[in-house]
Amino acid sequence: MLRGEDEDASELKIGEDFLKAKCLMNSEVAILLEHRYDQMKQMSGDSTPLPQVFEKSLQYVKCFSRFTNQGSVKQVREVLSRYQLAEFELAVIGNLCPETVEEAKAIVPSLKTKGRGHDDEAVERLLNDLLMIKKFE
Amino acid sequence: MFLKTELQWNVVIPAESLDAKGLMLQKAIVIRLLDDFSKRKATKDLGYLLALTTVEKIGEGKVRQHTGDVLFPVTFSAISFKLFRGEILEGVVHKVLKQGVILRCGPIENVYLSSSKMPDYNYVPGENPIFLNDKMSKIEKGVTLRFIVIGAKWLEAEREFQALVGLHADYLGPVS
């Protein structure tokens, strides 16, 4: 378990367990939580209040989802997966949708690490692919 | 960051509920698990526990000697939310104070952005206090900010996290 002081997401130092855990984009979480919400409403009706943590998270992901269509969300994951990104990096890019290569490298600093093969051209292609999906949503 | 992890918890079924067999027992176990899950709220390692997505496996029950209850090890997948130091994400301004701003991000209500971490922004007091920079960029209640996480603290007693964030890097700040 990584000690608090060693943790640094900008260098992808988030602990082995988390590097292997699946990181979900806000859009994916929105779909999952909405589904769960419908299930819970069905099971308990309108009387039982939902856990605060659940309600706030649902509100947040609905607000901060870049892609609303289930098909597009799947496409985003598929497309980004072709670029040898860590789960964490993929989710951050899917959430913030950087527009330029410079912005992408600023919000996902671990991309700049030498030897990872993410030259500017590759990042540019990645961003264009994202833009295409957004355009045709 | 929202995470999907596989967990294994022990679910205790009281002796009275054990008349049911097969599917009814399975249902009782899942209901108990869902209940335990929502009561937990958050853990230091996983962050806030949001939703259980699938039950992968229910192991063999072990009888607890003195109570007659049965303990079932259950493997399941769940979604949680945790803030990592160095992570960049977005949140909404909830309160503006002279010392800085309080944001909400996901299930976390206490995300603190100190004025010392808001380069070039100055506090403007008033009925609706705001922070303003010389490019007329405004930070006020309801504004979405993109920030970097400086640190997150787990408060054992309240079972919640507090986070410290900053705007002191490129491409951070108000998002239109």
Side-chain angles (χ1 to χ4, degrees), chain A residues 1-2 4-15 17-18 20-30 32-37 39-40 43 48 50-61 63-64 87-88 91-93 95-96 98-100 102-110, chain B residues 1-7 27 30-31 34-35 37-42 44-54 77-92 103-109 144 146-154 159-161 169-172 175:
Chain A
M1 199 78 259
L2 210 57
E5 301 88 73
D6 298 332
E7 184 180 281
D8 191 338
S10 60
E11 291 175 33
L12 269 189
K13 286 198 199 138
I14 57 176
D17 289 342
F18 295 112
K20 285 190 251 146
K22 203 166 158 77
C23 292
L24 297 175
M25 294 184 280
N26 296 339
S27 311
E28 292 170 317
V29 177
L32 287 167
L33 293 187
E34 283 262 33
H35 182 68
R36 199 75 197 85
Y37 176 76
Q39 276 183 333
M40 293 199 281
M43 283 203 308
T48 327
L50 293 171
Q52 279 278 304
V53 160
F54 182 90
E55 279 224 52
K56 291 196 193 115
S57 305
L58 179 55
Q59 218 175 40
Y60 179 81
V61 292
C63 197
F64 289 100
E87 282 271 337
F88 189 88
V92 174
I93 293 176
N95 284 339
L96 302 179
E99 296 180 348
T100 62
E102 217 185 270
E103 190 183 354
K105 294 206 285 198
I107 61 175
V108 187
S110 45
Chain B
M1 175 58 66
F2 289 98
L3 306 164
K4 182 170 172 204
T5 37
E6 199 177 78
L7 300 166
K27 192 168 172 195
V30 173
I31 290 176
L34 281 170
D35 198 49
F37 187 85
S38 48
K39 287 207 185 95
R40 232 7 150 72
K41 186 177 150 191
K44 185 173 180 188
D45 296 330
L46 297 166
Y48 288 85
L49 299 176
L50 306 178
L52 208 144
T53 48
T54 38
S77 290
I79 303 178
S80 68
F81 180 83
K82 184 173 167 148
L83 285 182
F84 292 94
R85 179 187 299 185
E87 183 183 351
I88 292 176
L89 64 173
E90 297 174 332
V92 181
L103 297 139
R104 282 188 174 144
C105 176
I108 308 185
E109 304 244 274
T144 296
R146 191 191 274 180
F147 52 79
I148 185 166
V149 178
I150 298 172
K153 192 159 97 172
W154 168 246
R159 295 202 78 80
E160 63 183 30
F161 283 87
D170 290 329
Y171 295 98
L172 299 181
V175 168

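Proteins come first, then strands; the chains are lettered A, B, ... in the order of their sequence lines, and each starts at number 1.
- The backbone N or O of B:L52 sits less than 3.5 Å from a side-chain atom of A:R36, completing a donor-acceptor pair.
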Does the salt bridge (charged side-chain N to carboxylate O under 4.0 Å, His left out) test come out yes or no for B:E109 and A:K56, once each step is laid out?
CA-CA 9 Å; B:E109 304 244 274; A:K56 291 196 193 115; 3.7 Å; yes
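- One distance of note links CG of A:L33 with CD1 of B:I79; it measures 5.0 Å at 0.5 Å rounding.
- Here A:F64 pairs with A:Y60 under the ring pair (Phe, Tyr, Trp, His ring centres under 6.0 Å) rule; sequence neighbours left out.
- The minimum heavy-atom distance between A:E7 and B:R85, with the atom names listed, is OE2-N, 2.8 Å.
- A distance of 7.0 Å separates CG of A:L32 from NZ of B:K4, quoted to the nearest 0.5 Å.
- In this structure, A:V92 and B:I88 approach most closely via the heavy-atom pair CG1-O, 4.1 Å.
- Summarising the geometry, atom CD belonging to B:E90 is positioned 8.0 Å from atom CG belonging to A:N95; distances are rounded to the nearest 0.5 Å.
- B:L172 does not touch chain A: none of its heavy atoms, backbone or side chain, sits under 4.5 Å away.
- With rounding to the nearest 0.5 Å, the separation of CG in B:D170 from NZ in A:K105 is 12.5 Å.
- Distance CD/A:E28 to CZ/B:F2: 11.5 Å, rounded to 0.5 Å.
- Here the shortest heavy-atom pairing between B:K41 and A:V53 reads CG-CG2, 3.8 Å.
- Note that OG of A:S57 is 9.5 Å distant from OH of B:Y48, once rounded to the nearest 0.5 Å.
- Between B:G86 and A:A9, the closest heavy-atom pair is C-CB, 3.7 Å.
- With sequence neighbours excluded, no residue satisfies ring pair (Phe, Tyr, Trp, His ring centres under 6.0 Å) with B:F147.
- The side-chain heavy atoms of B:E87 and A:F88, taken from C-beta on, include a pair separated by under 4.5 Å.
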